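What follows is one structure encoded as structure tokens, with my remarks underneath.
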Amino acid sequence: MRQCIERKRAGGELSADQWDGIITAFMEGGVDEAQMAALCMACVWRGMSFDEAFALTGAMVRSGATITFDPARGIVADKHSSGGVSDIVSLVAVPIAAACGARVAKLSGRALGHTGGTIDKLETIPGFNVALDLDRFAKQVERVGCAIASQTDALVPADKRIYRLRDRTATVPAMGLIAASIVSKKIAGGAHAFVFDVKTGAAAFMRDPKDALELAGWLVEIAKRFGRRATAFVTDMHQPLGRSIGTGIEVLEAREFLAGNADERTRELVLAISAAVVTACGIDNAPQRVREALESGRAAAKFREMIAAQDGDVAAFEALKLDEPLTVTAAHGGYVQAVDVVKLGYEGRRLSEHDPLGGLRVAARIGDRIEPGAPLLHAYGRDKKHATHLSSTFTITHAPCNVPPLVYETLT
Ligand code: URA
């Protein structure tokens, strides 16, 4: 291992066999955490080749169990976001695609830093079971057409350990490590096709759109080398995607979305991603089918079917209701030029920590012209009184400004 670390430190490349040996030894105790952290740091500084990222992906997949879906029974798809704020896309795109006849096996994570986690959001629905065992997960996908479950310890245990170590040692931002971490979990989850949503902007791992595009390219290429279909979107995270930031408050936004009361920016991305999932499953005319599933109420019904299949209390879900908000207003008028999305993400997490319906609703967007005293945010939940300081998260200037695009690139 020492020689492998030295080689990476010097900017060299490791072979597929060496990556395999490292992951096997790490899981068996022959490589310790200090050595693994040193290797990760060398990868952050010196980079990794595409072949190394591919080799590491395979080595990590082999560290645990894998799910298999019989392709003869139809393509199964999975959708993955690299981490956003106010991002309900998974919550609604999965049932929309399933309502179009797609089969979606979605493995999701928890909140990380300022970004939200689909699993934490779904857990606010009373009874909702995110910890499906692999057999139940696969059977639900066959029966209902979709399931959203948490990453289990059985799948890619190497990533679980290495990711925790990278988080502690500030070694997350390395393209090869990120790509291997994401794709290994998708491959082990058994889907035949993936749709990636790679965020870019101030609140994303890849702040620069060029880096996000490169990561998107690696995700698609690694998936392809494993014989999977893949599409990647590079999308904006200079501001929250939708209206709500928190956990249960985002589930409520998903319910409103499926009932026809959608935030326009979110709707645009959801339609594009849902259509990509449906297309990936080999179903034609996807954009039209997606719109019909949404407008006919079939997508809303599919979401409730999935909740019931995962032991969730549908009546309690219907009864979710926000309390009276505390409104944060603008001290002066002008144009919203920037939003501190990281701060809002952390605040949404804090507000929802002791109150599932605690969180924020965003009332102003980049580019909006606002009057003095206009609402910027509505805060909900037990701890909302501490949200008054959040007006400083909005930069308001006198001159109009450019609104960042929603979708920068789409790769297939
Ligand atoms: N998400 C992951 O699953 N892994 C990473 O390394 C970064 C984001």
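Owing to the predicted nature of the structure, the values given are computational and were not obtained by experimental measurement.
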Is the shortest distance from a Lys or Arg side-chain nitrogen in Arg7 or Glu13 to a carboxylate oxygen in the other one below 4.0 Å? no
Applying the side-chain contact (heavy atoms from CB on, under 4.5 Å) criterion to Met36, which one of Ile162, Thr171, Thr169 satisfies it? Ile162
Does any part of the side chain of Phe394, heavy atoms only, come nearer than 4.5 Å to the side chain of Val362, both counted from C-beta? yes
Determine whether a donor-acceptor pair (N or O, by modelled atom type, separation under 3.5 Å) exists between the side chain of Gln337 and the backbone of Thr395. no
If you look at every heavy atom in Ile23 and Ser63, which pair is closest and at what distance? CG2-CB, 4.3 Å
Got Leu269 and Thr266 here, is their nearest side-chain heavy-atom distance under 4.5 Å? no
CA sep, side-chain torsions, deciding dist, call: Lys210, Tyr408, side chain to side chain contact (heavy atoms under 4.5 Å, CB included): CA-CA 10 Å; Lys210 279 207 303 288; Tyr408 289 76; over 6 Å; no
Filter on salt bridge (charged side-chain N to carboxylate O under 4.0 Å, His left out), then keep only pairs touching residues 28-46, sequence neighbours left out; what's left? Glu33-Arg168
I'd like to know if the side chain of Arg229 reaches the main chain of Ala280, judged simply by a donor and an acceptor atom lying under 3.5 Å from each other, with no hydrogens or angles considered. yes
Going by an N to O cut-off under 4.0 Å, is there a salt bridge joining Lys139 and Asp135? yes
Please enumerate all residues that pass side chain to side chain contact (heavy atoms under 4.5 Å, CB included) together with Asn129, with sequence neighbours excluded. Ala131, Leu132, Arg136, Asp311
Quick check: does any side chain N or O of Ser352 sit under 3.5 Å from a backbone N or O of Asp355, one acting as donor and the other as acceptor? no
Do Arg161 and Phe26 meet the cation-pi criteria used here (NZ or CZ under 6.0 Å from the six-membered ring centre, within 45° of the axis)? yes
Carefully, step by step, assess Asp284 and Arg289 under the rule salt bridge (Lys or Arg N to Asp or Glu O under 4.0 Å). CA-CA 9 Å; Asp284 63 7; Arg289 285 180 198 271; 2.9 Å; yes
Check: Ile370 main-chain N/O paired with Asp368 side-chain donor or acceptor under 3.5 Å: no
Side chains of Cys4 and Ile22 in contact at under 4.5 Å (non-hydrogen atoms): yes
Could you tell me whether Asp236 and Arg265 have a side-chain N and a carboxylate O separated by less than 4.0 Å? yes
Ring centres of Phe226 and Phe54 under 6.0 Å apart? yes
Side chains of Ser181 and Asp159: donor-acceptor distance under 3.5 Å anywhere? yes
For atom CG of Asn261, decide whether the heavy atoms of other residues, nucleotides or ligands shown that lie under 6.0 angstrom number more than 12. yes
Any side-chain heavy-atom pair from Met237 and Thr200 closer than 4.5 angstrom? no
With side chains defined as the heavy atoms from C-beta onward, is the minimum distance between Ile182 and Leu219 less than 4.5 Å? yes
Do you know which two heavy atoms are closest between Arg361 and Ile249, and how far apart they sit? NH2-O, 3.6 Å
Before you tell me yes or no, could you show the steps for Tyr335 and Ile396 under side chain to side chain contact (heavy atoms under 4.5 Å, CB included), namely the whole-Å CA-CA distance, both residues' side-chain angles and the distance that decides it to 0.1 Å? CA-CA 5 Å; Tyr335 293 89; Ile396 298 169; 5.9 Å; no
Please round to the nearest 0.5 Å and tell me the distance separating atom OG1 of Thr118 and atom CG of Asp87. 7.0 Å
Compare every heavy atom of Ser86 with every heavy atom of Glu253, then report the nearest pair and how far apart it is. OE1-OG, 4.4 Å
Taking atom OG1 of Thr152 and atom CG of Leu155, what is their separation to the nearest 0.5 Å? 4.0 Å
Could you tell me whether Asp263 and Arg365 make a salt bridge, using a distance below 4.0 angstrom between a side-chain N and a carboxylate O? yes
Please give me the minimum heavy-atom distance between Gln35 and Ile5, naming the atom from each residue. O-CD1, 3.6 Å
Short side-chain to backbone donor-acceptor contact, Arg255 and Leu320, under 3.5 Å: yes
Side chains of residues 90-117: which donor-acceptor partners sit under 3.5 Å, not counting sequence neighbours?
unit_1	atom_1	unit_2	atom_2	d
Ser90	OG	Lys79	NZ	2.8
Arg103	NH1	Glu142	OE1	2.4
Arg103	NH1	Glu142	OE2	2.9
Arg103	NH2	Arg73	O	3.3
Arg103	NH2	Gly74	O	2.5
Lys106	NZ	Lys79	O	2.9
Lys106	NZ	Ser108	OG	3.0
Arg110	NH1	Asp120	OD1	2.8
Arg110	NH1	Glu123	OE1	3.0
Arg110	NH2	Glu123	OE2	3.0
His114	NE2	Ala203	O	2.8
Thr115	OG1	Leu112	O	2.7

Nearest 0.5 Å please: distance from the CZ atom of Phe303 over to the CZ atom of Phe317. 5.0 Å
So for atom NE2, which belongs to His398, do other residues, nucleotides or ligands contribute more than 12 heavy atoms lying within a distance under 6.0 Å? no
Does His80 use its side chain to pair, donor to acceptor, with the backbone of Phe196 at less than 3.5 Å? no
Could you tell me whether Asp51 and Arg225 have a side-chain N and a carboxylate O separated by less than 4.0 Å? yes
Would you mind checking if Asp197 and Lys199 are paired as a salt bridge, meaning a charged N to carboxylate O distance below 4.0 Å? yes
Atom pair CG (Leu406) and NE2 (His238), whose distance is rounded to the nearest 0.5 Å: 12.5 Å
Distance from Leu241 atom CG to Thr235 atom OG1, nearest 0.5 Å? 7.0 Å
Is Arg2 paired with Glu6 through a side-chain N to carboxylate O contact shorter than 4.0 Å? yes
Flag, side chain of Ser274 to backbone of Val290, donor-acceptor distance under 3.5 Å: no
Cationic N near anionic O, under 4.0 Å, Arg350 to Glu347: yes
Donor-acceptor contact below 3.5 Å, side chain Glu250 vs main chain Gly246: yes
Do other residues, nucleotides or ligands put more than 12 heavy atoms under 6.0 Å from the CD atom of Glu324? no
Would you say Ser392 and Lys343 make side-chain contact, with heavy atoms under 4.5 Å? yes
Tell me whether His389 contacts the main-chain N or O of His386 through its side chain, where contact means a donor paired with an acceptor under 3.5 Å. yes
Taking every non-hydrogen atom, the tightest pair across Ala216 and Val234: CB-CG2, 3.9 Å
Mind checking the CG-CD spacing from Leu56 to Gln18? Nearest 0.5 Å is all I need. 13.0 Å
Measure from the side-chain N and O atoms of Thr57 to the backbone N and O of Ser184, and report whether any donor-acceptor pair falls under 3.5 Å. no
Heavy atoms only: give me the nearest Ala191-Phe69 pair and the separation to one decimal. N-CD1, 4.3 Å
